[in-house]
Amino acid sequence: VRLSAKDVDLADFAWNPSSDFSSMFISCMSDGDLGLWEVKDTGLHVIASVTNALATCVCWSPKGKQVAVGKVDGTLVQFDHQLKVKKVIPGPTGMSGDPVKVLDLLWQSTHVFMAAYVPQDPSNTEPPCLVLISVPKGEEPKHMNYEDVCYGGAEDRKHRYYFLSLAEWDMVVTSSASAAESAILGHNCQTSLWERWSLDDSGRAEMPLTDDHMETYPLGIALDFTQQEEILISDTQKHPPSPLFLALSTDGVLLVYHMINQQPNAKSLNVPVQMLSSQGERKCPGQPVSAQTTAPAAPAPKMASTEPPKF
């Protein structure tokens, strides 16, 4: 990604989640500029850009047809693939620390967003607040403030919120750069409300202490759906393969947790590892073309024998 100035950083970045647009990604710079890019055989190409967009974060719609952008003034803006404005969603009012800006963003479903807000004033050290934004068609947006669901307390950390959606489970995993514990929000089908789930002490994803008994915090989180081995619950009980939750700590430790969904009729989300073919591989100028066009068959990698803790 080309930087517009030497004092500008990459603030946010997201690949399009759809296989139909898999070569497309959106970037957001620290000066608020937006760029929509496409990777082609001839290199990286700019599809569209918006300068002075006051953007702070970006997120694709679940189908990748539009992108949502969080702004300094707290609003959300939906753009198409030409970065033309499709919709503007006003931010919440009456927030602690007003005026607030959008810190991070998740487009959960067609009419539902989750956004983390922080004060615009950098000297205000209040923790981020997670806000659920519902935008029913033809109605005014509704905002529900969940406060800081991760209970962060590290005032010296730069604020950042991470979201991972498991739409098939009606669940969102969240982590905060200033909190040692991750949180889960689940959709209650009976009440149609999103709720913060309370997990047993043995089932929480927490950052470990360092050897000097200092707190560590997440630098990033991810999900892996390729686990194929059953999970040993006890000497007599096993659980089918489940997604793995991964978190990288500030101490450089990669933590891995099983995500065990014990609700009745929970859908299995795991899929076998697919070997990649070299068909259509892009070659650098001057690089010889290999006579082999398909990657050789190889057995699927096996997981380490050490069992990660439950989540």
Side-chain angles (χ1 to χ4, degrees), residues 9 11-13 57 96-97 103-106 114-119 122-130 146-166 169 171-186 195-227 229-235 237-239 241-262 301-311:
D9 299 318
D12 205 0
F13 167 99
C57 56
S96 177
L103 176 67
D104 282 293
L105 178 64
L106 171 68
M114 291 187 186
Y117 288 87
V118 291
S123 66
N124 190 326
T125 59
E126 290 190 36
C129 289
L130 189 152
Y146 288 80
E147 304 294 342
D148 183 10
V149 296
C150 294
Y151 307 133
E155 295 184 356
D156 58 335
R157 294 274 297 154
K158 182 178 180 179
H159 289 312
R160 185 72 193 268
Y161 240 73
Y162 308 101
F163 295 99
L164 293 173
S165 173
L166 290 94
W169 285 359
M171 176 193 301
V172 172
V173 185
T174 66
S175 294
S176 168
S178 58
E181 182 179 329
S182 297
I184 289 182
L185 290 172
E195 303 167 344
R196 187 189 189 279
W197 289 357
S198 297
L199 304 178
D200 295 337
D201 290 343
S202 61
R204 297 175 182 172
E206 296 179 320
M207 298 294 104
L209 298 176
T210 67
D211 293 339
D212 299 328
H213 305 287
M214 300 295 290
E215 293 273 9
T216 63
Y217 303 96
L219 289 174
I221 59 176
L223 294 172
D224 175 20
F225 298 97
T226 62
Q227 162 80 342
E229 297 182 1
E230 291 184 317
I231 304 166
L232 185 63
I233 304 297
S234 66
D235 292 340
Q237 184 182 7
K238 292 183 178 180
H239 190 277
S242 293
L244 297 176
F245 172 76
L246 301 94
L248 180 64
S249 78
T250 50
D251 202 35
V253 177
L254 181 62
L255 304 165
V256 183
Y257 294 86
H258 289 299
M259 297 192 67
I260 299 177
N261 189 339
Q262 296 179 327
K302 291 184 175 296
M303 300 297 297
S305 58
T306 303
E307 288 289 337
K310 283 196 308 181
F311 185 10

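Atoms considered below: every heavy atom in the structure, side chains included; atoms not considered: hydrogens, waters and symmetry mates. Predicted, not measured: the structure shown is a model, and the values here were computed from it. We number each residue from 1, following the sequence as shown.
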Using modelled atom types only, decide if a donor and an acceptor are shared between the side chain of R160 and the backbone of A177 within a distance under 3.5 Å.
no

L255 side chain near P208 side chain, heavy-atom distance below 4.5 Å:
yes

Could you check whether any side-chain heavy atom of Y162 comes within less than 4.5 Å of a side-chain heavy atom of S176, counting everything from C-beta outward?
no

Donor-acceptor contact present, side-chain D251 to main-chain V253, <3.5 Å
no

A side-chain contact here means heavy atoms from C-beta on lying under 4.5 Å apart; do L209 and T216 qualify?
no

Can you check whether E229 reaches P241 side chain to side chain, under 4.5 Å on heavy atoms?
no

State whether a side-chain donor-acceptor pair under 3.5 Å links E155 with S178.
no

L223 and F245: side chain to side chain contact (heavy atoms under 4.5 Å, CB included), yes or no, with the steps?
CA-CA 5 Å; L223 294 172; F245 172 76; 4.1 Å; yes

Can you sort out the partners of D148 under salt bridge (Lys or Arg N to Asp or Glu O under 4.0 Å), two or more places apart, ordered by chain and number?
none

Would you name the heavy atoms of S249 and L219 that are closest together and state the gap between them?
O-CD1, 3.6 Å

Are M171 and L185 side-chain neighbours, meaning at least one heavy-atom pair lies under 4.5 Å?
no

Show your reasoning for whether side chain to side chain contact (heavy atoms under 4.5 Å, CB included) applies to V173 and M259.
CA-CA 10 Å; V173 185; M259 297 192 67; 3.7 Å; yes

Nearest 0.5 Å, what's the CD1-OG1 distance between I221 and T174?
7.5 Å

Any residue meeting side-chain contact (heavy atoms from CB on, under 4.5 Å) with S242, in chain and number order, not counting sequence neighbours:
I231, H239

Sub-3.5 Å donor-acceptor pair from the side chain of D12 to the main-chain atoms of C57, do we have one?
no

Check the pair R196, I184 against side chain to side chain contact (heavy atoms under 4.5 Å, CB included), reporting the backbone distance first and the verdict last.
CA-CA 6 Å; R196 187 189 189 279; I184 289 182; over 6 Å; no

Which atom names give the shortest non-hydrogen contact between G97 and P119, and what distance separates them?
O-CB, 3.5 Å

Going by salt bridge (Lys or Arg N to Asp or Glu O under 4.0 Å), name the residues that satisfy it together with D201, two or more places apart in sequence or in a different chain.
R204

Hey, could you give me the CG/OH distance between D104 and Y161, rounded to the nearest 0.5 Å?
10.0 Å

Between Y257 (side chain) and E206 (backbone), is there a donor-acceptor pair under 3.5 Å?
yes

State, with a plain yes or no, whether a side-chain heavy atom of R157 is found less than 4.5 Å away from one of Y217.
yes

Under a plain distance cut-off of 3.5 Å, with no hydrogens placed, do S175 and S182 share a side-chain donor-acceptor pair?
yes

Find out whether K238 and I233 are in side-chain contact, i.e. whether some heavy atom of one side chain is under 4.5 Å from a heavy atom of the other.
no

Backbone of V149 reached by a side-chain donor or acceptor of E147 within 3.5 Å:
no

Keeping D224 on the side-chain end and T226 on the backbone end, is there a donor-acceptor pair under 3.5 Å?
yes

E181 vs C150, side chain to side chain contact (heavy atoms under 4.5 Å, CB included): CA-CA, chis, key distance, verdict:
CA-CA 6 Å; E181 182 179 329; C150 294; over 6 Å; no

